[in-house]
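Just below is one structure, and these are the notes that go with it.
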Amino acid sequence: MACRQEEVVAGVSDSTFVATVAALTRINQDEARDSASRQAARDSVLQGRGLTADDMERAARALEVDPDRALQLWLRISETPAELPTKPTPKTTNAPR
């Protein structure tokens, strides 16, 4: 499948939309987080990409008029790994005991 790198709306490319929605979905599905933690994490994801919730809403609405493109993006979102490390894993040492 060819990868379209066009903008869904100004400032939101296909790949940015996919990565952002996938990240927001992971946050919303994280049962270990409370609502305040989820909101802070969502804000962090958006801010880290230079986006706002309104930007994502505009992108989603723009995709309503292009169902083929929307389907391709949703397929890419669904193929994005569900679990990405959110915390650094502790380093293990192989030092002799």
Side-chain angles (χ1 to χ4, degrees):
M1 161 179 12
C3 186
R4 291 175 71 175
Q5 289 304 313
E6 299 172 19
E7 288 187 319
V8 180
V9 293
V12 184
S13 68
D14 288 5
S15 60
T16 297
F17 183 81
V18 168
T20 303
V21 171
L24 295 173
T25 299
R26 282 192 302 275
I27 290 165
N28 288 339
Q29 292 173 346
D30 185 352
E31 295 178 7
R33 293 181 186 268
D34 62 16
S35 62
S37 172
R38 284 187 181 115
Q39 185 60 52
R42 287 190 295 266
D43 291 346
S44 178
V45 164
L46 292 172
Q47 183 179 21
R49 289 174 168 82
L51 299 171
T52 65
D54 287 342
D55 294 331
M56 294 302 292
E57 179 71 22
R58 282 186 306 107
R61 290 193 185 282
L63 289 170
E64 289 177 350
V65 297
D66 192 349
D68 292 335
R69 185 176 185 185
L71 175 61
Q72 291 305 312
L73 294 181
W74 286 113
L75 290 173
R76 287 175 53 197
I77 291 164
S78 68
E79 293 168 354
T80 301
E83 297 287 332
L84 293 179
T86 55
K87 297 179 185 174
T89 54
K91 291 184 180 181
T92 57
T93 61
N94 293 329
R97 296 180 193 202

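We number each residue from 1, following the sequence as shown. As a basis for the values below, the full set of heavy atoms in this structure was taken, side chains included, without hydrogen atoms, waters or symmetry mates.
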Which atom of [X] lies closest to which atom of [Y], heavy atoms considered:
X: Ala60; Y: Phe17; result: N-CE1, 4.1 Å
X: Leu63; Y: Ala70; result: O-CB, 3.7 Å
X: Ala62; Y: Val8; result: CB-O, 3.9 Å
X: Leu51; Y: Met56; result: CD1-SD, 3.8 Å

Tell me, which pairs form a salt bridge (Lys or Arg N to Asp or Glu O under 4.0 Å) where one or both residues lie in residues 37-55, sequence neighbours left out? Asp55-Arg58
Apply side-chain hydrogen bond (donor to acceptor under 3.5 Å, both in side chains) to Ser44 and list each qualifying residue two or more places apart in sequence or on a separate chain. none
Would you say Ser78's side chain and Leu75's backbone share a donor-acceptor pair under 3.5 angstrom? yes
Thr20 (side chain) donor-acceptor with Thr16 (main chain) under 3.5 angstrom: yes
Going from [atom1] on [X] to [atom2] on [Y], what distance comes out if it is rounded to the nearest 0.5 angstrom?
X: Gln39; Y: Arg33; atom1: CD; atom2: CZ; result: 11.5 Å
X: Leu73; Y: Asp68; atom1: CG; atom2: CG; result: 11.0 Å
X: Asp14; Y: Glu7; atom1: CG; atom2: CD; result: 9.5 Å

Any residue meeting side-chain contact (heavy atoms from CB on, under 4.5 Å) with Ala53, in chain and number order, not counting sequence neighbours: Leu46
